[in-house]
Amino acid sequence: MNELMTENIFNSTAHNEDREFNTLKAELHQKLIGGLNLSVIRTVEPERLRAELRRGAEELCNSHASLLSLTDRERLVDDMLHETLGLGPLEPLMADPTISDILINGVSAVYVERRGKLERTDVRFRDENHLLSVVQRIAGRVGRRVDESSPMVDARLSDGSRLNAVIKPLAIDGALVSIRRFGARPLLVGDLLAKRTAVPEMIAFLAACVKAKLNIMISGGTGSGKSTLLNILSSYIAPEERIVTIEDVAELKLQQPHVALMETRPANLEGRGEVTCRDLLKNALRMRPDRIIVGECRGKEASDMLQALNTGHNGGMTTIHAKDARDATSRLAVLVGMSSPELPMHFIHRQISSGLQIIVQVSRLAGGARKITQISEVLGMQGENITMHDLFVYEQTGINHLQEAEGRFLVTGIQPHCLRTLRSAGIELPTAMFERGPRDSDRMASLGMESN
């Protein structure tokens with residue numbers, strides 16, 4: 001009982017100290033920004049502005065030296081600079097390269113993802129207005145707005161991160177914010193092998209399919225790594241090809257010199273000015289593309305994309321939300337049916353079977369590991385159904401003591417029908433790579449891969 005009372009006393013004391021610190025920080029921050037000449041700030045170089053603000057913040061903190069320790073003063077100065085020039089409490093999280101996602105559920109619940117695992121942080125906002133001001137500041141930097149009249153925003157930040165925010169009245173318990181961050185260095189094939197996301201045989205086959213201009217669709221759930229894999233596979237496109245990309249929020253980082261990037265635009269407050277993925281896809285067909293890459297197929301653009309794949313625009317790539325390769329074709333059929341309800345389903349299935357050649361399934365498993373769990377080849381139609389077979393699969397065998405998935409990669413032993421197409425493109429793959437059996441992700445086999 002005494003231990004419990006002592007713990008409660010310490011918790012209460014710590015809470016009061018945090019509250020007093022935040023109150024003082026808010027007071028000094030108001031004094032700091034109150035002394036700024038906003039007309040002059042715009043003409044000052046960022047480095048000089050930061051130095052001047054730090055000097056002003058240190059003077060304010062020194063005037064309260066009797067209330068603050070040296071450590072608290074240094075922390076307070078940093079916090080005030082973050083509030084004035086940065087993203088407030090989120091600034092340290094945005095500067096941490098190990099964090100891949102920042103998830104905010106109201107003022108006192110801030111989570112981050114590190115190495116595929118979620119963990120709660122001790123980051124707090126003063127109140128709902130403080131959180132809202134930070135969200136508005138982030139959105140404002142990229143020319144977007146979020147308020148009661150427009151309570152949702154989805155935008156790409158200057159560093160490539162993706163922001164999604166929902167505020168009241170849609171978010172009942174306070175603003176909901178997610179920031180999906182992307183590394184400064186795009187992942188390469190070597191990273192996939194090092195992380196055991198795939199085995200060399202898988203990568204060699206997919207690289208050959210990209211070079212031979214087969215149409216590829218990557219399916220998977222949220223956060224499974226669809227866009228990352230799409231970006232990696234796009235590195236096998238020849239540099240002399242003209243690539244047109246279409247995304248809701250630009251995430252792809254293609255390295256080729258001839259890339260035309262396009263991004264959709266939401267409607268304004270009057271409901272005008274919207275440019276959809278379907279609009280951009282129609283326009284892309286007039287841009288003399290060698291390749292069309294659609295970041296994600298999720299709406300009416302599915303019909304136009306499928307028409308493009310069936311009318312000579314080979315080498316197309318896209319992603320879709322689905323739980324496996326078979327489900328991916330079903331979802332694509334539904335999307336096409338919604339955009340073109342006059343088309344009979346057997347005709348849509350026939351279009352899919354002739355327009356798509358390869359479906360790659362990526363999954364996020366227990367413990368946060370991402371794996372290519374299925375590479376399937378679309379064969380055609382049998383009656384009313386689309387036929388396909390698996391070439392490579394990942395078989396999960398269990399979960400270890402760290403609650404992480406364990407398993408093995410398997411080759412099914414089926415010779416791909418597309419080998420003839422690959423040979424026609426001058427690409428010869430060894431037949432041994434398709435022999436049935438398990439494959440070791442540590443074995444860096446020489447299979448004609450480029451070490452990009």
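- Heavy-atom neighbours of D173 CG from other residues, nucleotides or ligands within 6.0 Å: at or below the threshold of 12.
- Counting non-hydrogen atoms of other residues, nucleotides and ligands closer than 6.0 Å to CD1 of I172 gives a total of 12 or fewer.
- With respect to L230, the side-chain contact (heavy atoms from CB on, under 4.5 Å) criterion is satisfied by exactly one of I293, V362, V294: I293.
- Remark: the D248 side chain and the T264 side chain contain an N/O donor-acceptor pair separated by less than 3.5 Å.
- No side-chain heavy atom of L306 sits less than 4.5 Å from a side-chain heavy atom of D304.
- Here the CG-CD distance, from L206 to E201, works out to 11.5 Å after rounding to the nearest 0.5 Å.
- Side-chain contact between R278 and S339 is present, with at least one heavy-atom pair separated by less than 4.5 Å.
- When the shell of 6.0 Å around CE of M287 is examined, it contains more than 12 heavy atoms from other residues, nucleotides or ligands.
- A salt bridge links D290 with R288; the closest basic N to acidic carboxylate O contact falls under 4.0 Å.
- R145 and D147 are joined by a salt bridge, as a carboxylate oxygen and a charged side-chain nitrogen come within less than 4.0 angstrom of each other.
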| message | Run K300 and S340 through side chain to side chain contact (heavy atoms under 4.5 Å, CB included) and show every step you take. | response | CA-CA 8 Å; K300 294 182 178 180; S340 304; over 6 Å; no
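- D279 and T276 form a side-chain donor-acceptor contact under 3.5 Å, judged by distance and modelled atom types alone.
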| field | Verdict with supporting geometry, E119 and R114, salt bridge (charged side-chain N to carboxylate O under 4.0 Å, His left out) | value | CA-CA 8 Å; E119 57 186 68; R114 283 189 177 93; 2.4 Å; yes
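- Sequence neighbours left out, not one pair with a member in residues 355-388 passes ring pair (Phe, Tyr, Trp, His ring centres under 6.0 Å).
- Of the residues listed (R242, H313, K213), the one engaging R291 in a side-chain contact (heavy atoms from CB on, under 4.5 Å) is K213, and it is the only one.
- Note that the CD1 atom of I138 and the OG atom of S133 stand 9.5 Å from one another [nearest 0.5 Å].
- Every residue meeting the salt bridge (charged side-chain N to carboxylate O under 4.0 Å, His left out) condition with R408, not counting sequence neighbours, appears here in chain and number order: E395.
- Looking only at atom types and distance, the side chain of T387 has no donor-acceptor partner in the side chain of Q382 under 3.5 Å away.
- In this structure, CG in L391 is found 7.5 Å from CD1 in I375, a value given to the nearest 0.5 Å.
- A salt bridge links R423 with E428: the closest approach of a Lys/Arg side-chain nitrogen to an acidic carboxylate oxygen falls below 4.0 angstrom.
- In this structure, OG in S376 is found 3.5 Å from CG in D390, a value given to the nearest 0.5 Å.
- The pair R180-E113 fails the salt-bridge criterion, with no side-chain N (NZ, NE, NH1 or NH2) lying under 4.0 Å from an Asp/Glu carboxylate O.
- Aromatic ring orientation, F434 versus F392: tilted (interplanar angle from 30° to 60°).
- Within 6.0 Å of atom CE in M152, 12 or fewer heavy atoms from other residues, nucleotides or ligands are found, so the atom counts as exposed in its surroundings.
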| request: Give the intermediate values and the outcome of side-chain hydrogen bond (donor to acceptor under 3.5 Å, both in side chains) for residues H321 and E296. | output: CA-CA 8 Å; H321 277 264; E296 183 174 343; 3.1 Å; yes
| task | Could you walk me through whether L103 and V110 pass the side chain to side chain contact (heavy atoms under 4.5 Å, CB included) test, one step at a time? | result | CA-CA 6 Å; L103 308 172; V110 179; over 6 Å; no
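- Side chain of R196 to main chain of R370: no donor-acceptor pair is present (N/O by atom type, distance under 3.5 Å, no hydrogens or angles).
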| Chi angles and distances behind the salt bridge (charged side-chain N to carboxylate O under 4.0 Å, His left out) call for R350, E384 | CA-CA 8 Å; R350 191 166 297 279; E384 298 292 315; over 6 Å; no
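- No side-chain heavy atom of L332 sits under 4.5 Å from any side-chain heavy atom of I348.
- We find the CG-CD distance between L281 and E301 to be 7.5 Å, quoted to the nearest 0.5 Å.
- Checked by atom type, the side-chain pair S224/S363 shows no donor-acceptor distance below 3.5 Å.
- Counting heavy atoms from C-beta on, the side chains of I243 and Q256 come closer than 4.5 Å.
- Taking CG of L356 as the reference point, atom CD of E377 lies at 12.0 Å (rounded to 0.5 Å).
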